[in-house]
Structure formats: structure tokens, C-alpha cells
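Being a predicted model, the structure only gives us computed values, none of them experimental.
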Amino acid sequence: MAFECSSTDKLASLDDIKGEATAGLRRIIELTGSVDLNAVYSGHELIGRSYDLHVFKLISGASEVGQLRVVVRKSFFINLTGVLFTNGLALMPPEGELLKRGEVKEGEVLSQVMTSKECAATELPPGQVAIPKFVIYSAEGEIPRIERGSWKLVLVGPDGSSLELGLADIMSEARDLGPEDFHCVTGWSVKGRRYLGVPLKDLFRKLGSLEDAKWVYSWSHSGYTSVMPIDVAIESAALVVGMDGKALPDENGGPARIFSPLLYGWKGTKWVSKIELLRDYEDGYWEALAYHERGLASHNERFKVRNPSLTDLCW
């Protein structure tokens, strides 16, 4: 279960942030009818040199059942977002509105904020610093080792039609995509790596009409998910199978990953196994944990904006 709260509050101190988390949790408890749920401060991380991410563990009894996150930028509230793990669903009343209807809402529900302002052009997007080598992350907790000969990619269109491709199919269409920069949302960039792959727009043509498609949702071999707008995917994203003249290494997402130089790296699912075109938005793994629906690096779109007073993120 994922949840979000909006606010226009200024959060100048850690006590303010803890108070915001407590108030948000109180409203979540009231809306869902859950009981015996407490927020315990876990720590802070500076993201992109200007976003403060504060994490709270949701505790029931002696068990951690979820996570709550408060994002602040220069004392401005950005969002309050969180998830309840599977072991926390038992806290929900079986006849409550959440389990009956799948969602509960109160007050103004903010739509997705896609900022219109591109930040001032520099060598790198705002908040980024160049480093020589990739920092390797895996939300799954390990690096999958996938046999190249058995790897398959399933493409699913907005009408439910599907197509399966093997690595040989992708390699037959792969081409040099040129040197591109890679930007991690945490604040580092690796510049000028040369990629080999197939633009997603070429793969999408195999599915027929894209008229109803608005979002591109992708799954990894191990269950990680991410989402990006279809217009950005068509403009810039590719299925990458090689880097710097070699097969894409396992730690970088091989046999194949999604990559867009316009978006932060979490949008590019590694060890990708399925790509589906959706009519309606759905959170992926990190999107459910506060990260932005689109994630344009040039707009500094690291986190969802749930503060109606903010219209851009370049200040």
C-alpha cells in the first residue's frame, strides 16, 4: 500500500520534519482505520546537493511494517510519501474503505506536477558532479547473473497484445547510439560512455498503434519496476545491450537495460524482462517511495512535488 500527503508548510528544523511526519501518519491512521502504528526516525540523506530526504520506519508492535519519507528542499515541503509492507496489511480493517475500494482520499488531491522550467544550462544538470566510474546499485539486493542465450523480453501494448524477443533479435537491430551522459538521482554523473542498443520507439512500432499509450512501465528479471512518460521514451530512451564496445556488464544491467540520457538512472530498469505500454500512470518501485513520476534531470525532478505553491525546482 502506498500513500501520499500534500502540504505548503515550511520545515526549518528536524522537529518540524518530525511533526510533519506525525501529522501525516495521524491522518493516514484515521483514513485507513489502522491502529498500533508509530513512526520512528531512521535517518537523513542529502540527494542531489539540495534535497533532504528524511526516512521514518513504521512500527507495529516489534515489527517494521512500512516506511514514511519526508522530502524537503531549502526548508520547503516537497512531499510526504510512504508504503505499508505486506506484513502491515493485517492492520487494515477488513471492512474498511481502503480494502473495499482500493484507495481513500481526503481534501485536495494534487495531480502530477511536471515542471515546465528547464534549469540554466551548464555542463551537467543541476546538483550533479562528474565521477569516472559507475556506482553500482541493485534494489533487489544482489546482481542477477542471467544467461544471455535464455534472456527474453516481453513487449505488451496498450491493448494487451504482446510480443517476445530474444537477445539475437535485439542484436540484429542494435546500433551505435553515440556517447551519452548517465545521471544518478543521488547526484553523480558518468560522462560520455558509448552505448549500443535499439531505440524504444523502434521496438514500440512492433506493437502497432500507440494512440492510447501514455506511460512506459518496465519490470526487471528480479521484480524491480519503473515508469516513464511515453513521449520522453520515444524521444530519448533505448534498450541498451552494449557499452564502450563490449557487451553490457551484469552490474550495469546486462544482458539489457533501459536508458535515457534525459532522465535519472533509476528510470532505466536494469536486467529488464518486460516493457508494457499503459494508458494510466502506475508507481514503480522508487516512485512509490517519493521519487518523481517523470524525472527529467535538466528540470531537477528528483522527487514528486506535493506542494501546490511550487511550480519549478530550479531555485
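When all heavy atoms of Gly268 and Arg257 are compared, the closest pair comes out as O-NH2, 2.7 Å. Heavy-atom minimum distance, Phe77 versus Leu80: CZ-N, 3.3 Å. Annotation for Ser7 and Glu20: closest pair OG-OE2, 3.0 Å, computed over non-hydrogen atoms. Annotation for Ala297 and His183: closest pair CB-CD2, 4.2 Å, computed over non-hydrogen atoms.
Ile258 is connected to Leu196 through a chain of hydrophobic side-chain contacts under 4.5 Å among Ile, Leu, Val, Met, Phe, Trp and Tyr, so both are in one cluster. Note on Trp219 and Leu239: separate hydrophobic clusters, where clusters join Ile, Leu, Val, Met, Phe, Trp and Tyr whose side-chain heavy atoms are under 4.5 Å apart, directly or indirectly. A continuous path of hydrophobic side-chain contacts links Leu177 to Leu263 [ILVMFWY only; heavy atoms under 4.5 Å]. Note on Leu203 and Val241: same hydrophobic cluster, where clusters join Ile, Leu, Val, Met, Phe, Trp and Tyr whose side-chain heavy atoms are under 4.5 Å apart, directly or indirectly.
Applying the salt bridge (charged side-chain N to carboxylate O under 4.0 Å, His left out) test to Asp169 and every residue at least two apart in sequence or in another chain returns nothing. Among residues two or more places apart in sequence or in another chain, the salt bridge (charged side-chain N to carboxylate O under 4.0 Å, His left out) test is passed with Glu293 by Arg306.
If you check the side chains of Asp312 and Thr115, you find no donor sitting under 3.5 Å from an acceptor. Side-chain contact annotation: Asp283 with Tyr281, donor-acceptor N/O pair under 3.5 Å present.
Cation-pi geometry between Lys18 and Tyr41 is met: the NZ or CZ atom falls under 6.0 Å from the ring centre, inside 45° of the normal.
Counting heavy atoms from C-beta outward, Ser226 and Glu287 have side chains that approach closer than 4.5 Å. Side-chain contact between Glu282 and Val227 is absent, with no heavy-atom pair separated by less than 4.5 Å.
Pairs of residues two or more places apart, or lying in two chains, that qualify as ring pair (Phe, Tyr, Trp, His ring centres under 6.0 Å) and include a residue from residues 107-145 are Phe134-Phe182.
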Listing, residues 206-213 side-chain donor-acceptor contacts under 3.5 Å, not counting sequence neighbours, or none:
unit_1 : atom_1 : unit_2 : atom_2 : d
Lys206 : NZ     : Glu173 : OE2    : 2.7
Ser209 : OG     : Glu211 : N      : 3.2

Which atom pairs, one a donor and one an acceptor, fall under 3.5 Å between side chains of residues 81-93 and the rest of the protein, sequence neighbours left out?
unit_1 : atom_1 : unit_2 : atom_2 : d
Thr81  : OG1    : Asn79  : OD1    : 3.1
Asn87  : ND2    : Glu64  : O      : 3.2

Show the atom names and distances, to 0.1 Å, of all donor-acceptor pairs under 3.5 Å that link a side chain in residues 229-236 to residues at least two apart or in another chain.
unit_1 : atom_1 : unit_2 : atom_2 : d
Ser236 : OG     : Val232 : O      : 2.9
Ser236 : OG     : Ser260 : OG     : 2.7

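Around CD of Glu123, the count of heavy atoms belonging to other residues, nucleotides or ligands within 6.0 Å does not exceed 12. No more than 12 heavy atoms of other residues, nucleotides or ligands sit less than 6.0 Å from atom NZ of Lys57.
Between Trp286 and Tyr291, the two ring planes are perpendicular [angle over 60°; tilted spans 30° to 60°]. Taking the six-membered ring where tryptophan is involved, the planes of Tyr264 and Trp266 are essentially parallel, since the angle between them stays under 30° and well short of 60°.
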*Verify side-chain contact (heavy atoms from CB on, under 4.5 Å) between Phe76 and Val305, making sure each step is shown before the conclusion.*
CA-CA 11 Å; Phe76 282 89; Val305 179; over 6 Å; no

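In this structure, Arg279 does not pair ionically with Asp159, as no charged nitrogen and carboxylate oxygen lie closer than 4.0 Å.
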